[in-house]
Every structure is written in C-alpha cells, then in structure tokens.
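For reference, the structure discussed in these notes is given below.
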2 protein chains.
Amino acid sequence: MKETAQILKEKGLKVTPQRIAVYNMLLNTTEHPNAETIYKALEPTNPTMSLATVYKTLDYFKQLGLVQELNVGEGSSRYDAVVKCHPHTVCVQCGKVQDLYLDELTEIHKKVEDELDFQVNCEQLILYGVCGNCRRKNKEG
Amino acid sequence: MKETAQILKEKGLKVTPQRIAVYNMLLNTTEHPNAETIYKALEPTNPTMSLATVYKTLDYFKQLGLVQELNVGEGSSRYDAVVKCHPHTVCVQCGKVQDLYLDELTEIHKKVEDELDFQVNCEQLILYGVCGNCRRKNKEG
DNA sequence: TATTAAATAAAAATAGTTATCGTTTAGGAG
DNA sequence: CTCCTAAACGATAACTATTTTTATTTAATA
C-alpha cells in the first residue's frame, strides 16, 4: 500500500501531521464520517488539531480528488475516501450509510446521454430505506 | 384540477394565503426553487410574507407529502411539488436542475432488496454533468 | 359575531461552514 | 544542519441556511 505521505506529495500538498491523520482516518473507516466526527476521532491522539483545519483539509482533498463529499440530507456533509462514483444506502432509522456497487448505472448513464441532451460526468444514487438490523429490531419490539 | 385550498384542507392544514401562495408557486414551476427563491418570488405579490413562514410551510408540506426536498450539493435545499421519487440531472456549469424519468430504477430497487439486506423506500438519483446548452456554448467560446 | 387554537412576522438563536489573522511549520536553499 | 519563506496551522470571528421564540394576527368553528 502506498504511503499516505507519498500520496499527498504526489498531489502537490505539503505533508503535515493533520493531513496525514485526516486521510488515514478516512482510509480506515467505511462509516462516511462528517467533519465533526473526524475531528472528534482525531482530537485525542492529535491534541493540536482544530475543526477549521479538518474542514480546510477536506476541501483540499475534495478538489484534488482524494475524497468524495456525500450529502444524504442531514445537516452536514459526509466524506468518503473511495472517490469512484458509487451508490449508497441510508437507513432512515439508524442513519447508517453503506456503500453499494451496481453495474446497472452505466446503462443509465448511456441512456441519458443518448436520449437526452445531457453529458453525465458522475452520478449520486442514494437509496433510502430500512436496513436489516433495524427491520429485525422492529419485529422484536 | 383540484383547488389548492381543497388539497391543504384534506391534509388537515389550515388554509392561509401564505400556504396557498407557496404551494401554487411550486405547482407552476419546474425549476426546483429553494426557500429563498420562493420567498423572493412571492414577496412582491404577497407583501406580508416572511422567509421563516416559507421554511415552516415547506416543512409542513414535506411531512404531509405535498412536496419533496432535494439536495444537489448546494448550500440550500430545493423543493419540488412532484412528490413521486424521480431522478434529476444537475448541470455543473449553469446549475440547472431537471426532472428525469427512468424505469430502470425499479429493477435496481428490486436487486438491492433481494441481494442485500435492505428494504428500499425511496431513492434519490442525481446525475451531474453538462447540459446541452452549456456544451454548445463551450464549443462556440 | 365571538372565541380560540393555530399561523404569522420579526427577530434572536443555532448549526454547519468559511474567512481572517497572528503564529507556527514544512521543506527547499544555502 | 540551519535559515528562510510561503504555506499551513489554531483560535476565533463571520457568514449562510435554517430553526426557534414570542407577541400579534387570523382562520375556522360555534
């Protein structure tokens, strides 16, 4: 696996402890955390870390294609180190956000490009519903 | 066509000029305006209209299924009186948001329900790209 | 028409995010 | 390795979208 420092350098970013921490945290989670969550997770081990820096860092990363921003309709944006366009499920009960991979979407891209006058660059598909865990809990209760 | 006043009454809402104005405005546009835009559009003809009321009204409408909230990644939410789940295209150049209808999505719902442990209630598909108008403008420039 | 709970406008408050500014630091030059 | 400088940092103020508060007005029913 490529070193985080190396990746940042390749993107023309100065390598700082804060940036390494944010990027590593995103690489090691599938939870799609928001800025606040990232900050709270890093604060204990990185005493010198500010929320403003997290926001600024995420903004740089986003522009350089190192992370993807995701808005599922909450107050705040979530972030994902998987930058390839991919759909997500959102459980409306527990709020859990999960990645999803569907080949069918490329067909849809093609169809829209052919039939409508619109060149698709990227798509965002969010499936809202109830996850298995919550459904089972509902039955029990 | 059913009267707006009648529709509001059926939903158990008190019929007020402000609510009628907001709902009619949304029925008569395909532009997916945000709260600010709705307010500015109505202010001239409805001198007694406040932004807070627009927000509150949209919130009621949303809960009662009269409108749909749409977040395409701008700072603010857009609103649509077409409440049936449907995809949208967003032009990243001019910001235009357009409705889209695709049958393929029901297949995707089914696939996710069958293969993953997730019950889909509603989906939001946003296709980001460049609309025909902007592509033509780019070629000219 | 009188009553009253609900809706309103205006303004204050809040949440998420961005900008400012003085200080610190990464990283290249010497 | 040390010096230098632009870039990054933390703290905090500012900003934007939205929500809440409160006193006033109004829709709808009696």
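It should be emphasised that the depicted structure is a prediction, and the values quoted were computed from it without experimental measurement.
Counting non-hydrogen atoms under 4.0 angstrom, A/Gln18 reaches the backbone sugars and phosphates but no base. Residue-level contact check: B/Pro47 touches neither bases nor backbone, having no heavy atom under 4.0 Å from any strand. Among the heavy atoms of the strands lying under 4.0 Å from A/Tyr60 are primed sugar atoms or P, OP1, OP2 only; no base atom is included.
Between B/Asp59 atom CG and C/dA7 atom P the separation is 12 Å, expressed in whole Å. Atoms CD (B/Glu36) and P (D/dT16) sit 10 Å apart, rounded to a whole Å. Rounded to whole angstrom, the span from the CG atom of A/Leu58 across to the P atom of D/dA8 amounts to 15 Å. One atom, CD of B/Glu43, and another, C1' of C/dT8, lie 15 Å apart when rounded to the nearest Å. The interatomic distance linking B/Ile20 (CD1) with C/dT8 (C1') rounds to 15 Å, in whole Å. The nearest whole Å value for the distance from the CD atom in B/Glu74 to the C1' atom in C/dG16 is 17 Å. Put simply, OH on A/Tyr39 is 15 Å from C1' on C/dG16, counting in whole angstrom units. Rounded to a whole Å, the CE atom of A/Met49 is 15 Å from the P atom of D/dA8.
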Note to self: Could you walk me through whether A/Asp99 and A/Lys84 satisfy the salt bridge (Lys or Arg N to Asp or Glu O under 4.0 Å) test, starting with their C-alpha distance in whole Å, then the side-chain angles of each, then the deciding distance to 0.1 Å, before giving a yes or no?
What the structure shows: CA-CA 11 Å; A/Asp99 294 309; A/Lys84 189 175 178 310; over 6 Å; no
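Residues B/Gln98 and B/His88 bring no donor and acceptor atom of their side chains to less than 3.5 Å of each other. Neither side chain, A/Glu140 nor A/Asn138, offers a donor N or O lying under 3.5 Å from an acceptor on the other. A donor-acceptor contact closer than 3.5 angstrom links the side chains of B/Glu69 and B/Ser77.
Residue B/Thr16 has no polar side-chain atom (N or O) positioned under 4.0 Å from OP1 or OP2 of C/dA6. For C/dT8, one of the phosphate oxygens OP1 or OP2 lies less than 4.0 angstrom from a side-chain nitrogen or oxygen of B/Arg19. Residue B/Ser76 has no polar side-chain atom (N or O) positioned under 4.0 Å from OP1 or OP2 of D/dT16. Side-chain nitrogen and oxygen atoms of A/Tyr55 include at least one within less than 4.0 Å of the OP1 or OP2 phosphate oxygen of C/dT17.
Between B/Lys14 and A/Asn34, the residue whose closest nucleotide on DNA chain C is further toward the 5' end is B/Lys14. Each of B/Glu69 and B/Val15 was assigned the nucleotide of DNA chain D with the nearest heavy atom; the assignment lying further toward the 5' end belongs to B/Glu69. Between B/Leu13 and A/Leu51, the one whose closest nucleotide on DNA chain C sits nearer the 5' end is B/Leu13.
The two residues B/Val15 and B/Leu8 have their closest heavy-atom pair at CG2-CB, 4.2 Å.
Candidate nucleotides D/dT18, D/dA11, D/dA28 were compared by shortest atom distance to the side chain of A/Ala52, and D/dA11 ranks first.
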